[in-house]
*Asks:* 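Quick one: structure below, then a few questions.
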Amino acid sequence: MHALGFGAATIGNLYRAVSDDTARAAVDAAWDEGIRHFDTAPHYGLGLSERRLGAALADRPRDAFTLSTKVGRWLEPSGRGGSDLETGGYDVPADLRRVWDFSADGVKRSLEASLRRLGLDRVDTVYLHDPDDHWTEALTTAYPALAELRAQGVVGRIGVGMNQWEMPAAFVRETDLDEVMLAGRYTLLEQTALEGLLELCADRGVSVVAAAVFNTGLLSRPEVADDARYNFTRAPGDRIARAREIAAVCARHGVVLPRAAIQFPLGHPAVSSVVVGCRTAGHVHDAVSWMDAPVPAELWADLRAEGLLGPEVPVPSH
């Protein structure tokens, strides 16, 4: 299976709308490129991502791909109309609303609804999604509910998906997780999760899926724009400056910044794959080309020499 996974938030109209045809073409391109893992969530487009992904995969052999979704927010009719863009970040009608719920019933209700939207009878991985403000409930009720579903074979693997590393580390210590989806905290720009989470996962045999490897935009282009995004908001000046320093080292070796960024996390033995959001077929082809083209070892050495990577940070071997 390709080390690159398809992140389906963007085909749920993250920030801006795409057509059904464009979304389908992106999934088809991923399949043609050999990508066989797809990640989604009810949160993404108020269910639109799951519906589009399920439709695009409906004619694919079920055993030929793996799929992950998330629990922690289930959807109910809102009755308020308008757009979700301002409050939720997705350019979809706000005819549903997200309800935070990490109870056992909430987890099962959310998963049942996801399976209906996906048109599937099982998913391979279920993540507890952003339980930042719900630690106790997620640990004492949501996790046991997922563990029961895993024991029953309803789900294959369970994990936690977050934009921070500290709480996932606590879950790894306190539970029997299979995976952590870590967004933005182990990237070419920053490696804050290295010691506290990744080393722990390596010791415990928990695999890490690296997401948001471009830090939501800052590392996604060969040249770093003045208005680049970082952590879903406009990047501060110091982050832009550091990204530009990294990009300059990459350019000296004939490597574009996103190529180095997409491969970097795989240098750590705990990281099993990288998931990248792809809005169009063109984005898929770009991501695959960046992942598959070797990065010279001298590039990583120069980043260390210039203080842009620490000596303790592992790097890809090819």
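Everything numeric in this text was worked out from a predicted model, so none of it was measured. Note: hydrogens, waters and symmetry copies are ignored here, and every other heavy atom, side chains too, is used.
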*Asks:* Any chance CD of E306 has more than 12 other-residue heavy atoms, nucleotides or ligands included, within less than 6.0 Å?
*Replies:*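 Counting neighbours around CD of E306, more than 12 heavy atoms of other residues, nucleotides or ligands fall under 6.0 Å, so yes.
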*Asks:* With a 4.0 Å cut-off, would you call K70 and D39 a salt bridge?
*Replies:*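 The answer is yes: the pair qualifies as a salt bridge.
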*Asks:* Without hydrogens or angle criteria, can the side chains of T280 and T22 be said to hold a donor-acceptor pair below 3.5 Å?
*Replies:*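 Per modelled atom types, T280 and T22 side chains form no pair under 3.5 Å.
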*Asks:* Would you check, one step at a time, whether the test salt bridge (Lys or Arg N to Asp or Glu O under 4.0 Å) holds for D28 with R52?
*Replies:* CA-CA 12 Å; D28 288 346; R52 283 177 162 172; over 6 Å; no
*Asks:* Verify the distance criterion only: is there a donor paired with an acceptor across the side chains of H37 and D124 at less than 3.5 Å?
*Replies:*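 Absent: no donor and acceptor within the cut-off.
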*Asks:* Would you name the heavy atoms of D178 and G156 that are closest together and state the gap between them?
*Replies:*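 Closest heavy-atom pair between D178 and G156: OD2-O, 4.3 Å.
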*Asks:* Take atom CZ in R221; do more than 12 heavy atoms of anything else shown fall under 6.0 Å from it?
*Replies:*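 Incorrect, the count does not exceed 12.
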*Asks:* For a quick test of reading the model, state the closest non-hydrogen atom pair linking G47 to L75 and the distance between them.
*Replies:*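 For G47 versus L75, the nearest heavy atoms are N-CD1, 3.7 Å.
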*Asks:* Going only through I, L, V, M, F, W and Y residues with side-chain contacts under 4.5 Å, is there a path from V99 to V92?
*Replies:*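 No, V99 does not connect to V92 through the hydrophobic network.
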*Asks:* What class does the angle between the rings of F38 and F6 fall in, given that below 30° is parallel, 30 to 60° is tilted and above 60° is perpendicular?
*Replies:*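 Ring orientation of F38 relative to F6: tilted.
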*Asks:* To the closest 0.5 Å, what do you measure between CG (L48) and CG (L46)?
*Replies:*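 It comes to 8.5 Å.
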*Asks:* Aromatic rings F65 and W31: how do their planes relate, parallel, tilted or perpendicular, breaks at 30° and 60°?
*Replies:*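 Geometry flag for W31 against F65: perpendicular rings.
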*Asks:* Show the nearest heavy-atom pair for residues D91 and S83, with the distance to one decimal.
*Replies:*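 Taking every non-hydrogen atom into account, OD1-OG, 4.0 Å.
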*Asks:* Would you please indicate yes or no on a ring centroid separation below 6.0 angstrom for F102 and W135?
*Replies:*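 Aromatic pair excluded; centres sit 6.0 Å or further apart.
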*Asks:* Any side-chain donor paired with an acceptor under 3.5 Å for R279 and N13?
*Replies:*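 There is no such pair between these side chains.
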*Asks:* Within the 3.5 Å criterion, strictly below it, is a donor on H253 or E298 matched to an acceptor on the partner's side chain?
*Replies:*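 Result is no, nothing qualifies.
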*Asks:* Quick one: are P168 and V180 in side-chain contact, heavy atoms under 4.5 Å?
*Replies:*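 A side-chain contact exists here, since the closest heavy-atom pair is under 4.5 Å.
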*Asks:* May I ask you to say whether K108 pairs ionically with D101, meaning some side-chain N is under 4.0 Å from a carboxylate O?
*Replies:*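 Salt bridge flag = no for D101 with K108.
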*Asks:* Determine the minimum heavy-atom distance between V313 and Y186, stating which atoms define it.
*Replies:*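 Scanning both residues completely, I find the closest heavy atoms to be CG1-OH, 3.7 Å.
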*Asks:* Check the pair S49, T40 against side chain to side chain donor-acceptor pair (under 3.5 Å), reporting the backbone distance first and the verdict last.
*Replies:* CA-CA 6 Å; S49 172; T40 185; 2.8 Å; yes
*Asks:* Charged N to carboxylate O under 4.0 angstrom, R24 versus D59?
*Replies:*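 So R24 pairs with D59 through a salt bridge.
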*Asks:* Is the shortest side-chain heavy-atom distance between C250 and L299 below 4.5 Å?
*Replies:*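 A side-chain contact exists here, since the closest heavy-atom pair is under 4.5 Å.
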*Asks:* Is R117 salt-bridged to E112, cutoff N-O under 4.0 Å?
*Replies:*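 Looking at R117 and E112, the cut-off is not met.
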*Asks:* Mind checking the CZ-CG spacing from R239 to N231? Nearest 0.5 Å is all I need.
*Replies:*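 Here the interatomic distance stands at 8.0 Å.
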*Asks:* Is E86 atom CD crowded by more than 12 heavy atoms from other residues, nucleotides or ligands, each under 6.0 Å away?
*Replies:*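 Counting other residues, nucleotides and ligands, CD of E86 stays at 12 neighbours or fewer.
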*Asks:* Quick check on the hydrophobic clustering: are L53 and V209 connected, directly or via other members, by side-chain heavy-atom contacts under 4.5 Å?
*Replies:*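 Shared cluster, no.
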*Asks:* Side-chain contact, heavy-atom cut-off 4.5 Å: H268 with L194?
*Replies:*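 H268 reaches L194 side chain to side chain.
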*Asks:* Supply the atom-to-atom distance M291 CE to Q263 CD, rounded to the nearest 0.5 angstrom.
*Replies:*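 M291 atom CE to Q263 atom CD measures 6.5 Å (nearest 0.5 Å).
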*Asks:* Does a side-chain N-to-carboxylate-O contact under 4.0 Å join R234 and D227?
*Replies:*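 No, R234 and D227 are not salt-bridged.
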*Asks:* Can a donor-acceptor pair be found between the side chains of R98 and H43 at a distance below 3.5 Å?
*Replies:*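 Per modelled atom types, R98 and H43 side chains form a pair under 3.5 Å.
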*Asks:* Does either side chain, that of Y230 or that of E190, offer a donor lying less than 3.5 Å from an acceptor on the other one?
*Replies:*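 Result is yes, a qualifying pair exists.
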*Asks:* Please lay out, stage by stage, how E199 and R204 fare under the test salt bridge (Lys or Arg N to Asp or Glu O under 4.0 Å).
*Replies:* CA-CA 9 Å; E199 298 302 326; R204 298 288 183 94; over 6 Å; no
*Asks:* Decide whether V275 and V284 are clustered together by the hydrophobic rule: side chain heavy atoms of Ile, Leu, Val, Met, Phe, Trp, Tyr closer than 4.5 Å, transitively.
*Replies:*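 The answer is no; the residues belong to distinct hydrophobic clusters.
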*Asks:* Under the side-chain contact (heavy atoms from CB on, under 4.5 Å) rule, collect the residues that match up with A9, sequence neighbours excluded.
*Replies:*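 side-chain contact (heavy atoms from CB on, under 4.5 Å) check on A9 returns L14, Y44, Y90.
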*Asks:* On a heavy-atom basis, which atom in V213 and which in L219 lie closest, and how many Å separate them?
*Replies:*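 The answer is O-CD1, 3.7 Å.
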*Asks:* Quick check against the 3.5 Å criterion: does T10 have a side-chain atom that pairs as donor or acceptor with the backbone of G277?
*Replies:*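 Between the backbone of G277 and the side chain of T10 there is no qualifying donor-acceptor contact (under 3.5 Å).
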*Asks:* Where do W300 and A260 come nearest, in terms of heavy atoms and distance?
*Replies:*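 Heavy atoms of W300 and A260 come nearest at CH2-O, 3.6 Å.
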*Asks:* With no hydrogens and no angle check, do the side chains of S289 and R259 hold a donor and an acceptor under 3.5 Å apart?
*Replies:*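 No, no side-chain donor-acceptor contact under 3.5 Å.
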*Asks:* From R157 CZ over to S68 OG, what is the distance, rounded to the nearest 0.5 angstrom?
*Replies:*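 One finds 10.5 Å between CZ of R157 and OG of S68.
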*Asks:* In the structure I gave you, are the side-chain heavy atoms of E137 and S103 within less than 4.5 Å of one another anywhere?
*Replies:*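 They are in side-chain contact.
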*Asks:* Would you say the side chain of L200 lies within less than 4.5 Å of the side chain of R173, judging by non-hydrogen atoms?
*Replies:*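 The answer is yes, as the side chains (C-beta and beyond) meet within the 4.5 Å cut-off.
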*Asks:* Find the distance between CD (E33) and SG (C278) and round it off to the nearest 0.5 Å.
*Replies:*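 Separation between the atoms: 10.0 Å.
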*Asks:* Please determine whether residues V154 and W74 belong to a single hydrophobic cluster, defined as Ile, Leu, Val, Met, Phe, Trp and Tyr linked transitively by side-chain heavy-atom distances below 4.5 Å.
*Replies:*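 No.
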*Asks:* Checking E50 against T69: is there a side-chain donor and acceptor pair closer than 3.5 Å?
*Replies:*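 A pair is found: one side chain offers a donor N or O, the other an acceptor, under 3.5 Å apart.
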*Asks:* If I take atom CG from residue L96 and atom CG from residue D84, how far apart are they, to the nearest 0.5 angstrom?
*Replies:*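 Spacing of CG (L96) from CG (D84) equals 9.5 Å.
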*Asks:* Any pair with a residue in residues 158-171 that passes side-chain hydrogen bond (donor to acceptor under 3.5 Å, both in side chains), sequence neighbours left out, goes on the list, sorted by first then second residue, please.
*Replies:*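 Listed once each, the pairs are D132-Q164.
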*Asks:* Provide the full list of salt bridge (charged side-chain N to carboxylate O under 4.0 Å, His left out) pairs with a residue in residues 240-251, sequence neighbours left out, each pair given once.
*Replies:*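 Sorted pair list: D226-R244.
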